[in-house]
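If you're wondering where the values come from, they're calculated on a predicted model, not measured in any experiment. Both counts, for ligands and for their atoms, begin at 1 and track the order of listing.
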Amino acid sequence: MDPDELVFHPWVRQGPRNVPTFVGGSGSHVVDADGRRFLDFSSQLVFANLGHQHPRIVAAIKAQADRLCTLAPSHASDIRGEAAQMVVDVAPAGLGHVLFTTSGTEAVEHAVRMARLHTKRPKVLAAYRSYHGSTTTSIHLTGDPRRWASDTGAAGVVHFFGPFLYRSAFGAATEEEERDRALAHLEQVILLEGPSTIAALVLEPVTGSSGVIVPPPGYLRGVRELCSRHGIVFIADEVLVGFGRTGAWFAVDHDGTAPDLLTFAKGVNSGYVPLGGVLVGDLVYRTFTEAAYPAGLTYSGHPLACAAAVGALRAMHDEGTVAAAARLGAAVLGPGLDGLAAGHPSVGDVRGIGALWTLELVRDRQEQTPLVPPGATGEANAPMAAFMQACRDRGLLTLVLGNRVHIAPPLNASDADAAAGLAVLDEALAVADAFVS
Ligand code: PLP
């Protein structure tokens, strides 16, 4: 039996899988057991931001392993303090402390718990087009169909529409109109739910796996203002976009604003050892100088994970990785994907920023009918499955979610690798074009 069949796999029906087994990697490539190289155009699940086997991160983990592999959170650790300092140094103003977790979902759980304890209010607002993790609170916050199977309807979460001009919920014609109407809608939701019942608003400042949606300038500042006015804790979920993915250290930086709490994971150390966290702003921090924070994790600030963060963040500073991501998007990926859209009728929309992009595939450009319906599986998902297989057959790893293909190479991918990936997408889109009506 293939040992992979002994593994219980997240998100999929269990049973044998026809997938390559990976045994190595370097830079933007991973290598399977047959020696075949694959270009990683998704940085795995959008976390290997510095690519594979980056020597600085590997060396940092090895050095810490030789010194002290593990330590309880109750003891002070030099490497944990150093990681916290490096995270705070690049964080938006006012976010001066870090609770370390081992994943993104834990970061979201803790941020919401902090907000509820701080405000003594029960409810949390989140966007319909969002993904915040798959544990109890975070899956309820998640707005997209991944929530459906787990939704008990009793988590104190209220969903709202964020700005998304391509499929505007507000009938807007311009980004400015979309922003203003989305903010007016959010204000109505807050007023009708009752501001005194709302602890927090959780928002991906650039929506990641639920659509790669970049908000219009001013939207995040508007959200910040609404939260401040109503005493609501603004939680920016930067698990996917933080640490350079959008071409800025944090996505909120693009709009010149700062949340009260900021969740992160993935890019903080390129996922070499599991690490996440909550950046805690002064307001919420003060609450827990008066009363103990009533929660914790055995592996909070694990030394090997923190060492990987120190190695990754040093490399990002020295190699100018954040600026490289901005350039990759503006000079290579953006124009390249626009070029593909011009030649392929199945591409309904191209969106993105920095090293995070999506192609939204449609049956009909005019009607914007998705190539597969939301939550499609099996036969209903055949067009996207065929597209994904065409990519894999040509040695390209992509992330296909619903009717979208997400493009998120390592931030330090070379122009040549980016061009090679775009060339494969060009061929695979011909497969998707065959389903256009
Ligand atoms: N929040 C966002 C925005 C994410 O994209 C993810 C994962 O993709 C999570 C939270 C959950 O992170 P994790 O899978 O590490 O629990």
Side-chain angles (χ1 to χ4, degrees), residues 9-12 42-49 99-115 124-147 150 155 157 159 162 164 200-215 220 223 234-246 248 250-252 254 259 261-279 297 299-302 305 308-309 312 352-358 398-402 404 406-408:
H9 298 282
W11 294 118
V12 293
S42 65
S43 304
Q44 300 301 296
L45 294 176
V46 198
F47 60 73
N49 285 5
L99 169 75
F100 283 114
T101 65
T102 51
S103 65
T105 192
E106 288 169 341
V108 171
E109 296 282 335
H110 281 279
V112 169
R113 185 171 324 182
M114 284 179 187
V124 186
L125 304 186
Y128 275 110
R129 289 191 174 86
S130 70
Y131 179 75
H132 295 292
S134 75
T135 49
T136 304
T137 305
S138 63
I139 196 68
H140 282 96
L141 290 168
T142 292
D144 84 10
R146 282 173 280 187
R147 182 190 73 254
S150 306
V157 174
H159 287 105
F164 182 32
L201 181 148
V202 183
L203 185 68
E204 294 176 80
V206 166
T207 305
S209 64
S210 306
V212 185
I213 302 165
V214 183
L220 298 176
V223 171
F234 179 15
I235 302 173
D237 183 353
E238 298 239 12
V239 165
L240 188 141
V241 294
F243 296 97
R245 175 56 60 186
T246 65
F250 292 95
V252 290
H254 291 293
L261 299 171
L262 185 152
T263 54
F264 66 86
K266 301 185 187 257
V268 63
N269 65 6
S270 283
Y272 281 36
V273 184
L275 182 68
V278 185
L279 269 157
L297 304 99
Y299 301 130
S300 175
H302 192 281
I353 185 169
L356 180 65
W357 292 79
T358 194
T398 54
L399 204 58
V400 169
L401 286 151
R404 301 177 307 272
H406 291 208
I407 294 116

> Can you check side-chain contact (heavy atoms from CB on, under 4.5 Å) on Ser42 and Thr398, steps first, answer last?
Replying inline: CA-CA 5 Å; Ser42 65; Thr398 54; 5.6 Å; no
>> The criterion is side chain to side chain contact (heavy atoms under 4.5 Å, CB included); which residues satisfy it with Thr135, sequence neighbours excluded?
In response: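 Residues passing side chain to side chain contact (heavy atoms under 4.5 Å, CB included) with Thr135: Thr105, Glu109, Ser138.
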> Who are the side chain to side chain contact (heavy atoms under 4.5 Å, CB included) partners of Thr136, not counting sequence neighbours?
Replying inline: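 Residues passing side chain to side chain contact (heavy atoms under 4.5 Å, CB included) with Thr136: His140.
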>> Does Arg146 qualify as a cation-pi partner of Tyr131, given the criterion of NZ or CZ under 6.0 Å from the six-membered ring centre and within 45 degrees of its axis?
In response: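 Judged by the rule (NZ or CZ under 6.0 Å from the ring centre, within 45° of its axis), Arg146 counts as positioned above Tyr131.
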>> Under 3.5 Å, is there a donor on one side chain and an acceptor on the other for His254 and Thr246?
In response: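 Judged by distance alone, the side chains do pair up.
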> Mind checking what makes side-chain hydrogen bond (donor to acceptor under 3.5 Å, both in side chains) contact with Glu106, not counting sequence neighbours?
Replying inline: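 Here the qualifying residues are Thr102, Ser103.
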> Can you pull the residues with any heavy atom under 4.0 Å from ligand 1?
Replying inline: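 Answer by chain and number: Ser103, Gly104, Thr105, Tyr131, His132, Gly133, Glu204, Asp237, Val239, Leu240, Lys266.
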